[in-house]
Amino acid sequence: MESSKRQGPTHKIENIVATVNLGVELDLEQLAEKLPVAEYNPDQFPGLILRLTKPRISALIFRTGKMVCTGAKNENDLKNAVHALVKLLNDHGANVPLNPEVQVQNIVASGSLNAEVDLEQAALLLENAMYEPEQFPGLIYRMTDPRVVVLIFGSGKIVCTGAKSEKDVAVAVQQLYDKLREIGVLYVEEGGGEEAEELEEEGEEEE
Amino acid sequence: RLRKWQTRARVQTSYERNFVQAAQELERLKSAMGVPRPCVEQALEIYRQALEKELVRGRSVEAMAAAALYMACRMLKTPRPLDELIRFTKASRREVARCYRLLLRELNVRVPISDPVLYISRVAEQLKLTGDVVKTAIDIINKAKKAGLTAGKDPAGLAAAAVYIASLLHGDNRTQKDFAIAAGVTEVTVRNRYKELAKALDIKIPIK
DNA sequence: AAGTTACTTTTCAAAGC
DNA sequence: GCTTTAAAAAGTAACTT
């Protein structure tokens, strides 16, 4: 009589952080002057900030020719953004290679276990977990296998961060789901019809 | 003989001097906040362990002492909100929180999970409420836990709402703001938790 | 009281203080 | 350790209307 239509976990990549080595030293002052959209305050931060609008991707460009790209939601957008940035730099005095080396450093994904989680119980049963509702509503779980950190909320929604590949995210999310089911802290809505005791009279409150 | 004394003094300064500073700071916090003596003693023990494991390196005595006191109060079931502690320390909440996490990870101590019930007595005490109100509030919190309404919520906010509802049920007339201030949260939070609890637990509030 | 905006947590690289 | 970027989750806070 139990329909096993448990959806299982789902997830979506929200942000990819990658480093790019252009291999050439850059004159940030000159670039900042030619690119009015660029932000460059060396006193505040050594990198020049460029924001692309199509897919909203930001780049931090350094004197050494190294660059950090953030905001991409998939590797394809990331590649296109890097190409666009290279062209933009070359159109404004720089001379960088067309296909620089790109390394994904961090992937952030959001998702859902499609089941509510008893965070208090999970905190007691999981090894590397920290749950401090006074400071943050999510349970912080450090996974060692794929080395990632997952924020788990009572609603079953999760955030996986620290992954180096999309596969790591998928593996981590599935492993987390299996572990939480195993220790029995996942609950599907219907569950056992719990009661809500009555306490007093009826009426409306108004001030 | 002089060199021997200097050597001993040097050994003592690395450990003893820091410990004495922490003890003075904890004594100051106790007076300023009205923390029970057992909590200060427990905090001193935690601080001593932190010193032995060299966790105080590169950190301010104040931040580590505040973190130790926060942890001690929770271990002895008389929690004080971190934001309340922060008002009496020079250290930023960021560093105190960082020290607390370091102590949590490096010392093999078990700090009980924040329990809204432990904040009920504090709120009731400040507002001088009756034991019956406290009992009803605890009842409400226990039902809320069973109904899965407490996950991720600030225990102080839950306690404030539970005591507020209990007061209404017992005919007391205190404003939401009174409970919010007593619990150290905003009226908005008390109102949100109150509505949520009253609706989910189907509690009917009598018109006064 | 509703809306906004903003901050809490986690992750990661870059260069320099 | 800090500075800057991005992004999500859910809760709390601080303003404005």
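Chain naming here is simple, since letters A, B, ... match the order of the sequence lines and numbering starts at 1 in each.
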Just checking, is any N or O donor in the side chain of [X] or [Y] under 3.5 Å from an acceptor N or O on the other one?
X        : Y        : result
B:Thr136 : B:His170 : yes
B:Tyr100 : A:Glu132 : yes
A:Ser110 : A:Glu14  : yes

Let's see if you can work this out: which of [options] has an atom nearest to the side-chain heavy atoms of [X]?
X       : options              : result
A:Ser58 : D:dA10, D:dA8, D:dT5 : D:dT5
A:Arg51 : D:dT3, D:dT5, D:dA13 : D:dT5
A:Lys73 : D:dA10, D:dA7, D:dT4 : D:dA7

Between B:Arg80 and B:Met33 (side chain of the first, backbone of the second, donor and acceptor by atom type, cut-off under 3.5 Å), is there such a pair? yes

Between [X] and [Y], does at least one N-O distance fall below 4.0 Å, as a salt bridge requires?
X        : Y        : answer
A:Glu127 : A:Arg142 : no
B:Glu45  : B:Arg48  : yes
A:Lys79  : A:Asp77  : no
B:Arg122 : B:Glu125 : no
B:Asp139 : B:Lys143 : yes
A:Arg51  : A:Glu39  : yes
B:Glu95  : B:Arg98  : no

Quick one: [X] [atom1] to [N] [atom2], roughly how many Å, whole number?
X       : N      : atom1 : atom2 : answer
A:Tyr40 : D:dT3  : OH    : C1'   : 14 Å
B:Arg94 : C:dC7  : CZ    : C1'   : 12 Å
B:Leu82 : D:dA13 : CG    : P     : 13 Å
A:Leu78 : D:dA7  : CG    : C1'   : 15 Å

Give one of base, sugar-phosphate or nothing for [X], where a contact means two heavy atoms less than 4.0 Å apart.
X        : answer
A:Arg56  : sugar-phosphate
A:Val150 : nothing
A:Ile13  : nothing
A:Gly138 : nothing

On DNA chain D, nearest-nucleotide positions of A:Glu14 versus B:Arg98: which is more 5'? B:Arg98

CA sep, side-chain torsions, deciding dist, call: B:Lys90, B:Glu62, salt bridge (Lys or Arg N to Asp or Glu O under 4.0 Å): CA-CA 7 Å; B:Lys90 268 153 274 183; B:Glu62 283 143 0; 3.6 Å; yes

Any A:Ser110 side-chain nitrogen or oxygen under 4.0 Å from OP1 or OP2 of D:dA9: no

OP1 or OP2 of D:dT12 less than 4.0 angstrom from a side-chain nitrogen or oxygen of B:Arg193, does that happen here? yes

Pairwise N/O distances under 3.5 Å, protein to nucleotides 14-17 of chain D:
none

Note, DNA chain C 5' to 3' with Watson-Crick or G-U pairs under 3.5 Å encoded as ( ), [ ], | and . gives ||||||||.||.|||||

Could you go over nucleotides 10-14 of chain C and give all protein N or O partners under 3.5 Å, atom names and distances?
residue	atom	partner	partner atom	Å
C:dT11	OP1	A:Arg142	NH1	2.5
C:dT11	O4'	A:Thr161	OG1	2.9
C:dT11	O2	A:Asn106	ND2	2.9
C:dT11	O2	A:Thr161	OG1	2.8

